[in-house]
Amino acid sequence: MSQWYYVDAHQQRHGPVDPGRVADLFRDGTLTRTSLVWREGMQEWTALINVAPELRLDMTPPLPPVPETTDAPVTATAEEVRPLTGRAVFTASEPTYAPAAAPVARPDATVTTGDSPYAAPHADIGAHAYAPAVREGHVVYAGFWKRVAACLIDGFALGIPVAIIVTIVGGLLGWGSSFSGTLLGRSQFNPAETVMSWVLSALVFAWFHSSAGLLATPGKLAIGIKVVRTDGGRISFLRGFARYWAYMLSSLLLCIGLLMAAFTGRKQGLHDFMCDTLVVDKWAFTSHPERQRDELGTVAVVVLVLGGLLIVGLLVLAVAAGFAIASMGR
């Protein structure tokens, strides 16, 4: 039996309840024809009248009583005097009619929800604004390996586009490019290009982390985690911008600030402590905390395996290159 959720007159969600309970709530007046309801398998909330056949509800409105008319039919008040002439006398009068009753307006059988503030319980990302944080319920914090998997994805999804943009801009401004120099065998450090790369990355990460419909970079979205304040609220763009530089600091300190996420109670790294942030499951601090997952997930496992193979392959190539150079020097 499917379980239903409904919204009462005070705009509060309730459920799950069985179909019989929904019918009882309609009969006692708690729910109306336009009350919003939802069950598993539906794309969005809809009015109760639209699912009345499924719930076996009789939505036929009673006919209103016909209004009583006050105009009485015209009757003769006095008997007409007919002459006694021996001939038939015919009298004619205009017929009178009672005014017709006004037509009964029946409501349209189809009710649409329009741009309802209640969205179906799917991932709260995309075009809708970030809903107020629900602070009750269990919270699943993103562990160290989920963060590593998200970082690997972001290295490709954000790192490569940023590097391409910086290379193009650096070439247009005449700064040169350390990336192109590396390809030509003339590796060199380019301070201007490096600073621009850091600033652009900070802006990109801040936008993703503070965006109302995202709260996460592409890597975090793929893993199913997000960045929030410690009270579950959305972080601001400035806080996201500062968090990137705190992340850089965590990386520079022998990555100790990053490793802290594996040992602290709420899985916070040094940059999280500095900026008052948490990395949590995407369903944390929402009205559906039961959808959170403690396990890594398929995407995270696949990314970690591929990342490990890539790192091992690079180490093997480095060792092989070292032996080749050593043999050439003999």
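Note that CD1 of Ile168 is 12.0 Å distant from CG of Leu173, once rounded to the nearest 0.5 Å. The CG atom of Leu203 sits 15.0 Å away from atom CH2 of Trp198, with the distance rounded to the nearest 0.5 Å. Considering CD1 of Ile256 and CG of Leu270, their distance stands at 10.0 Å, rounded to 0.5 Å.
Between Ala206 and Gly240, the closest heavy-atom pair is CB-C, 3.6 Å. Contact record, Leu258 with Ser250: CD2-CB, 3.8 Å, taken as the closest heavy-atom pair. Listed here is the closest heavy atom pair of Ala142 and Arg147: O-NE, 3.8 Å. Residue Lys226 comes nearest to Ala216 through the heavy atom pair CA-CB, 4.0 Å, listed as atom of the first residue, atom of the second, then distance. Contact record, Leu158 with Pro218: CD1-CD, 3.9 Å, taken as the closest heavy-atom pair. Of all the heavy atoms in Ile225 and Ala150, the pair that sits closest is CD1-CB, 4.3 Å.
Inter-residue side-chain proximity for Lys220 and His209 is flagged as met; some heavy-atom pair is nearer than 4.5 Å. Taking 4.5 Å as the limit, some side-chain heavy atom of Met274 sits within range of a side-chain heavy atom of Leu249. Considering only heavy atoms from C-beta on, Glu193 comes within 4.5 Å of Thr167 through its side chain. Taking 4.5 Å as the limit, every side-chain heavy atom of Asp231 sits out of range of all side-chain heavy atoms of Phe285. A heavy-atom distance below 4.5 Å is found between the side chains of Val7 and Arg13. At a threshold of 4.5 Å between non-hydrogen side-chain atoms, the residues Lys267 and Lys146 do not count as touching. Side-chain contact between Val140 and Arg293: absent, with no pair of heavy atoms (C-beta onward) separated by less than 4.5 Å. Put simply, the side chain of Val22 reaches to within 4.5 Å of the side chain of Leu48, judged on heavy atoms.
Under a 4.0 Å N-O distance rule, the pair Arg21/Asp24 does not qualify as a salt bridge. A salt bridge links Arg229 with Asp276: the closest approach of a Lys/Arg side-chain nitrogen to an acidic carboxylate oxygen falls below 4.0 angstrom.
By the side chain to side chain contact (heavy atoms under 4.5 Å, CB included) test, Tyr5 pairs with Pro16, Trp38, Trp45, sequence neighbours left out. Judged as a side chain to side chain contact (heavy atoms under 4.5 Å, CB included), and not counting sequence neighbours, the contacts of Arg266 are Tyr141, Thr230, Gln268, Leu278.
Looking at Ser35 and Thr32, their side chains do bring a donor and an acceptor atom within 3.5 Å of each other. Side chain to side chain, Arg243 and Thr277 meet the donor-acceptor criterion of an N or O pair below 3.5 Å.
A perpendicular orientation is assigned to the rings of Trp245 and Phe241, their planes being inclined by more than 60° (bins at 30° and 60°).
Applying the 6.0 Å contact sphere to CZ of Phe156 captures no more than 12 heavy atoms from other residues, nucleotides or ligands.
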